[in-house]
Visitor: 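My structure is below; once you've seen it, I'll send some questions.
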Amino acid sequence: PTNLVTAALRWRPIVASQRLPAEKKVAVALPERIPVPLVALAEDGRWALANASLSEFHWIYASKPIRVRVVNEQGQPVAGAEVATQGGPLGSAVRTAEDGTAVVWQYSEEPRGVVATQGALGAAAVTRAAQVELVLKPVPALRLVPAKPYGPLLVRTSGWPEALSGTFWVLPPEGGQVPNPGLEAALWVAAPGQCFATYPLERDREELVVRLVPAASLKGRTLDPQGRPLAHVPIRVAAPNRAPLRPGTQEKGNDQGVLAVSDSLGQWQVAGLPPGEVWVQARWGQWVAKSPSLQLAAGEVGSLDLTLNPGVRLSATVQDQSGQPLSEVQVELYRLEEDETFSAFLAEREAPFAKGKSDTQGNVVITALPTGKFGLRLHRRGFVPCLLTVQLPASGLHLGVVTLEPGVEVAGRVVNERGEGVGQATVWLGSSPGANDLGWAQTDEHGFFSFSDQAVKGVVYLNAVGDDLIPGSPTKLDLPPA
């Protein structure tokens, strides 16, 4: 039903698919102020993702190949089985050859699920290895039973790749079965007028009673300071509990992304919201509006008019240690609560509220900002990222000169007890034993790894984890080395 999809999915423009000839360009029309997710697919199964806008365009490439061999329970190769990885988009599934082999691609170095299916048979494994063998067996099913009549059920699981099943399954009002591949995953269920419920997908579970809560919604208008309607304004919703308002959203942290856009009369509506505390934000040109905290009850239809006013301005000049201006410095701004502390870990898991880049004179200006507390991250390759916490007043803020220090590379090798290099191991870098707040890296096939743009002086700790290997004690490293 149309109302089910409208309530369940985020507002998102659609760009028509186009074929890109080798070494040629293709032009697509993008909305002026709305980031649009784009997917590129090659015939061999490679893929790339981009969150594109007219001001920024960055691809994430699936560059890590995983060689898969699919066999039956007798160990014989299975031809024609579909294989895909968790995180792979629609169209990225491949079929096995006569010898049961196929190559799938993954963008993340973290362990990911690889799933193969043929008819009622399936197999899955979570691995960081470059090769894996999957044995096809009957796929266990999980039966979903509604606690009461909700209408058709919209179901999605993070354990079953979108490339194999599509984005959602639609079950009849009385419920039904979905495959349970045995991966650690989450199951999302919704129905018309109900908000999404999340359940852990347990390996041996056969039946799940689904209980849903009536969804709340918000509607309102976007207005200029004179009360005139503003059209085409993106409406963003933030939730303080950091829980996603939509399943599978790629936004991180509080910000749930663009959930609506005002029409020609300035009117907008966001449906499918869970009960609880939310904020609404809008930015348009140099104007900005942010609502106070709103408490929505289950099934409530809230009303909120947003009056946009000129936002405040944040500026700075970035230089190196010799006083020379630094261009191309990426500047990211993160919204903070008054009791929240800014850190590299927060910047890694949150989506920035606003971005900027320094010019040839080292100057950077970010406009259309609300007042309040922000975390600021400045970084450029070859320099240690600089983290600052600022309070933006109504008059705006000029930070003056910010100096970036040159960074160093921390490199090494992970070996087993026989001195052999361990490939595909995960190495954590932290400021204390067992911490991972400074980043992580993956070893190559010979066990080598590296971390760039680290502070020249200080103490860091390294820890490594590999498949079927017991990690050793954290390695303390004094910088610079003696």
Visitor: Do the side chains of Trp169 and Arg156 get nearer than 4.5 Å, heavy atoms only?
Guide: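 Not in contact.
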Visitor: Testing the basics here: between Leu387 and Ser343, what is the closest heavy-atom pair and its distance to 0.1 Å?
Guide: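 Nearest pair, atom of Leu387 first, then Ser343: CD1-C, 3.8 Å.
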Visitor: Are Val270 and Val278 side-chain neighbours, meaning at least one heavy-atom pair lies under 4.5 Å?
Guide: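 In short, these two side chains do not touch, never coming nearer than 4.5 Å.
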Visitor: To check you understand the geometry: which heavy-atom pair defines the closest contact between Arg413 and His446, and what is its length?
Guide: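 Answer, listing the atom of Arg413 first, then His446: NE-O, 2.8 Å.
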Visitor: Under 3.5 Å, which donor-acceptor pairs do the side chains of residues 70-83 form with other protein atoms, sequence neighbours left out?
Guide:
unit_1, atom_1, unit_2, atom_2, d
Asn72, OD1, Gln74, N, 3.0
Asn72, OD1, Gly75, N, 3.1
Asn72, OD1, Gln76, N, 2.8
Asn72, ND2, Gln76, OE1, 3.0

Visitor: Take atom CD of Glu206 as the centre, draw a 6.0 Å sphere, and report whether it contains more than 12 heavy atoms from other residues, nucleotides or ligands.
Guide: no
Visitor: Answer yes or no: is there a side-chain heavy-atom contact under 4.5 Å between Leu477 and Thr475?
Guide: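 They are not in contact (no side-chain heavy atoms under 4.5 Å apart), so the answer is no.
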Visitor: Under the criterion side-chain contact (heavy atoms from CB on, under 4.5 Å), I'd like the reasoning laid out for Leu429 against Phe449: C-alpha separation, chi angles, the key distance, then a yes or no.
Guide: CA-CA 11 Å; Leu429 185 68; Phe449 66 89; over 6 Å; no
Visitor: How far does CG of Leu273 sit from CD of Glu300, to the nearest 0.5 angstrom?
Guide: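 The CG atom of Leu273 sits 10.5 Å away from the CD atom of Glu300.
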Visitor: Is Gln454 reaching over with its side chain to a backbone N or O of Ser452, donor-acceptor style, under 3.5 angstrom?
Guide: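 Checked: pair present.
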Visitor: Starting at CZ of Arg335, measure out to CH2 of Trp279 and round the result to the nearest 0.5 Å.
Guide: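 Here the rounded value is 9.0 Å.
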Visitor: Strictly below 4.0 Å, N to O, side chains only: are Glu328 and Lys357 in salt-bridge contact?
Guide: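 Yes, this pair counts.
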Visitor: Is it true that atom CD of Glu98 has more than 12 heavy atoms of other residues, nucleotides or ligands lying nearer than 6.0 Å?
Guide: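 Count not over threshold, so no.
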Visitor: Determine, step by step, whether Phe196 and Leu154 satisfy the side-chain contact (heavy atoms from CB on, under 4.5 Å) criterion, reporting the C-alpha distance in whole Å, the side-chain angles of both residues, the deciding distance to 0.1 Å, and the verdict.
Guide: CA-CA 9 Å; Phe196 274 94; Leu154 193 68; 4.2 Å; yes
Visitor: Do Pro352 and Leu333 have side chains that get closer than 4.5 Å, going by heavy atoms?
Guide: no
Visitor: If you define the side chain from C-beta out and look only at heavy atoms, does anything of Asp453 sit under 4.5 Å from Val384?
Guide: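 Not in contact.
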Visitor: Less than 3.5 Å apart, which donor and acceptor atoms pair up between the side chains of residues 456-465 and the rest of the protein, not counting sequence neighbours?
Guide:
none

Visitor: Identify the heavy atoms of Leu404 and Cys386 that sit nearest to each other, and give their distance.
Guide: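 Heavy atoms only, the tightest pair is CD2-CB, 3.5 Å.
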Visitor: Could you walk me through whether Val427 and Phe451 pass side-chain contact (heavy atoms from CB on, under 4.5 Å), step by step?
Guide: CA-CA 10 Å; Val427 183; Phe451 293 90; 4.0 Å; yes
Visitor: Does the side chain of Arg283 come within less than 4.5 Å of Phe353's, by heavy atoms?
Guide: yes
Visitor: Passes side-chain contact (heavy atoms from CB on, under 4.5 Å), Thr96 versus Val68? Steps please.
Guide: CA-CA 8 Å; Thr96 55; Val68 183; 5.9 Å; no
Visitor: Between Trp268 and Leu218, is there a side-chain heavy-atom distance shorter than 4.5 Å?
Guide: yes
Visitor: Any heavy-atom pair between the side chains of Thr117 and Val139 that's under 4.5 Å?
Guide: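 A side-chain contact under 4.5 Å is absent here.
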Visitor: Could you check whether any side-chain N or O of Trp47 sits under 3.5 Å from a backbone N or O of Trp105, counting only pairs where one atom can act as donor and the other as acceptor?
Guide: yes
Visitor: Does the Tyr150 side chain pair with the main chain of Leu212, one donor and one acceptor, at a distance under 3.5 Å?
Guide: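 At least one qualifying donor-acceptor pair exists.
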Visitor: Heavy atoms only: give me the nearest Leu153-Ala191 pair and the separation to one decimal.
Guide: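 Scanning both residues completely, I find the closest heavy atoms to be CD2-CB, 4.1 Å.
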Visitor: How many angstroms lie between atom CD of Gln330 and atom CG of Leu378, to the nearest 0.5 angstrom?
Guide: 10.0 Å
Visitor: Do you know the tightest heavy-atom contact between Ser262 and Val233?
Guide: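 So the minimum-distance heavy-atom pair works out to OG-N, 2.9 Å.
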Visitor: Closest heavy-atom contact between Val115 and Ala124?
Guide: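 Distance-wise, the nearest heavy atoms are CG2-CB, 3.9 Å.
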